[in-house]
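If you read the sequence from its start, that first residue is 1, and numbering goes on from there.
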Amino acid sequence: MSAVQSRIGGIFGLFFVLLVLAAGRTFYLGVVRGGTLRKVASSEQLSYETVSAQRGTITDRNGVDLAVSEPAQDISADPYLITDPLGAAQRLAPLLGQTQGSVLRKLSEHTGFVYLARALPQRAAQAVLALRIAGISGTPVMLRVYPRGPLAAQVLGDVGTEGTGLAGVEYSLNSTLSGTSGERRVISDALGQPVSIAETHRAQPGKSLSLTLDANIQQRAEDVLGAVAQVYDPKSATAIVMNPSNGAILALANWPQVNANDPGADPEEDMEDRAVGLDYEPGSTFKVVAVSGALEAHLITPGTTFNIPDEIQVAEKTIHDDTEHPEEMLTTGQILARSSNVGAITIAKLEGTETFNRWVDRYGFGAPTRVDLPGEEKGVTLAPSQYSGSSIGNLPIGQGELVTPMQMASAYAAIANGGILRPPHIVRAVGGQLQALPAGHRVISTSTAAELRQMLEGVLGPEGTASEVSIPGYQLAGKTGTASKINPETGEYSNSKYMASFIGFAPASNPKLLCAVVVDEPSSGSIYGGTVAAPAFGQIMSFALPYLGIPPG
């Protein structure tokens with residue numbers, strides 16, 4: 001019996017030792033490591049997720065949706081929980097719109113978290129989650145959608161995967177549009193599937209935004225620029241349509257177009273809003289600066305005559321008119337209509353460099369227009385101390401200083417509205433509240449503005465540089481511009497690269513609408529503002545004037 005009792009005692013002792021070890025392990029895990037393990041368990045089963053706020057809608061002046069937000073989900077995976085990566089990839093790939101190989105690579109990563117898709121539309125996301133694949137989950141987000149596709153894409157900009165505006169008004173007014181994110185508590189099971197979801201903080205939607213743009217005029221402007229591109233094959237083009245009385249921008253078009261719903265598909269430089277971001281030498285559209293200054297100083301009148309030769313010597317430079325001609329007598333109005341370089345320089349020399357430069361400043365060149373758009377350049381102008389002996393020969397004809405299309409449109413708007421220079425604007429209302437109009441200031445007298453408008457009618461008259469442009473019933477006024485571009489390799493003016501532009505308004509005697517068209521480097525057909533840009537102005541205005549109910553005049 002002693003041997004049996006000894007064996008039983010040994011077994012009992014062994015069980016006692018195991019029991020002590022188990023109790024010790026339990027004490028260690030429950031007491032010593034208890035807090036840490038509870039945190040780990042909580043982190044695996046309980047999580048807090050950010051709930052994206054509904055981003056504010058962007059509409060045109062008539063309430064047409066230009067940018068909206070729709071429910072979507074970020075689809076993610078925990079590869080450690082995927083038991084059959086190949087089978088899961090085969091089922092997921094068609095719903096995610098990706099290749100099977102791409103999905104398989106993500107599901108095979110050595111990590112506990114990987115995105116399979118960002119902002120997947122709700123219907124597709126629900127189809128993915130309906131597969132009930134262990135380790136696949138979704139997080140609600142908002143997908144930014146642009147219902148009109150490329151329409152005004154450079155103006156609107158785009159939104160990144162984190163819901164933040166990256167360009168355009170989406171960027172500049174991001175804090176207004178984005179609202180305040182919320183939070184939800186998610187409890188998941190061991191397979192990562194949510195079993196309980198509770199909202200802890202409600203998201204606050206962003207404010208809506210109403211722009212001054214008119215979707216129909218915007219569409220017309222973009223269509224016209226597309227047609228210009230087909231004929232003249234330029235590097236780029238931009239057009240601005242504006243109410244000159246209050247500075248409201250009714251259209252702001254850029255070519256090449258980009259798809260706002262897929263901005264990554266186009267070159268990054270095509271997302272630039274050239275209306276505010278393009279610095280260029282304006283050419284003859286700048287001649288109104290010298291002429292208006294001389295009119296204001298009573299140095300000239302519209303009927304003052306000048307003896308205009310084919311060329312003029314200014315310091316070491318000889319400057320020619322565009323076409324060779326015998327010496328002739330031209331009035332101030334004819335100088336503008338025919339775009340005489342010699343005539344414009346002759347008028348500027350009457351003013352002198354100091355006075356001419358003051359007029360450059362008064363029209364706002366060299367400073368931002370303060371339009372409510374991001375990325376605005378201010379151009380480059382010279383101080384009188386920087387003038388060379390020949391500067392008074394090239395600056396008055398728009399060579400040697402840089403402007404933006406928006407600056408030129410603003411300057412001509414001042415001529416059109418009776419002499420008030422005011423900041424252009426594109427935001428009409430925020431959260432349903434109309435925005436106050438930006439204040440303007442007088443730069444020329446009403447009489448000088450009227451004289452300029454009358455003279456600019458001649459540009460579209462029989463002797464003008466845009467004589468082929470007309471709209472039945474409407475008297476038009478404006479100015480052509482053709483400027484050589486600097487060759488960056490030589491630092492000299494190019495013989496093959498030009499900027500072609502036209503800026504005008506109608507009806508000429510009481511303007512209600514202004515349009516500026518700037519075409520960068522037309523390379524086929526023609527390079528002149530009168531044949532490249534002026535017809536585009538006519539095509540845009542021939543639609544917009546009757547569309548807006550502006551009576552002929």
Item to check | Residues in salt bridge (Lys or Arg N to Asp or Glu O under 4.0 Å) contact with D270, at least two apart in sequence or another chain | outcome: R274

Next on the checklist: So, using side-chain contact (heavy atoms from CB on, under 4.5 Å) as the criterion, who are the partners of Q386 when residues are at least two apart?
Outcome noted: L382, A383

Checklist outcome for this item: Here the ring pair (Phe, Tyr, Trp, His ring centres under 6.0 Å) pairs for residues 352-387, sequence neighbours left out, are F286-F365

Checklist entry - Going by the ring pair (Phe, Tyr, Trp, His ring centres under 6.0 Å) test, which pairs reach into residues 288-347, not counting sequence neighbours? => result none

Checklist entry - Please, which pairs that meet ring pair (Phe, Tyr, Trp, His ring centres under 6.0 Å) have at least one residue in residues 392-443, sequence neighbours excluded? => result none

Checklist outcome for this item: The complete set of side chain to side chain donor-acceptor pair (under 3.5 Å) pairs with one or both residues in residues 466-476, sequence neighbours excluded, reads E457-Q475

Item to check | Set of residues satisfying salt bridge (Lys or Arg N to Asp or Glu O under 4.0 Å) with respect to E351, sequence neighbours excluded | outcome: none

Checklist entry - salt bridge (Lys or Arg N to Asp or Glu O under 4.0 Å) with D520: which residues, sequence neighbours excluded? => result K485

Checklist entry - Can you name the residues that form a salt bridge (Lys or Arg N to Asp or Glu O under 4.0 Å) with R370, not counting sequence neighbours? => result none

N/O donor to acceptor pairs below 3.5 angstrom from side-chain atoms of residues 510-519, sequence neighbours left out:
none

Item to check | All side-chain contact (heavy atoms from CB on, under 4.5 Å) counterparts of T301, not counting sequence neighbours | outcome: T304

Checklist entry - Can you tell me how far the CZ atom of R338 sits from the OG atom of S284, to the nearest 0.5 Å? => result 14.5 Å

Checklist outcome for this item: Residue pairs meeting ring pair (Phe, Tyr, Trp, His ring centres under 6.0 Å), one or both in residues 495-548, sequence neighbours left out, come to F502-F537, F543-Y547

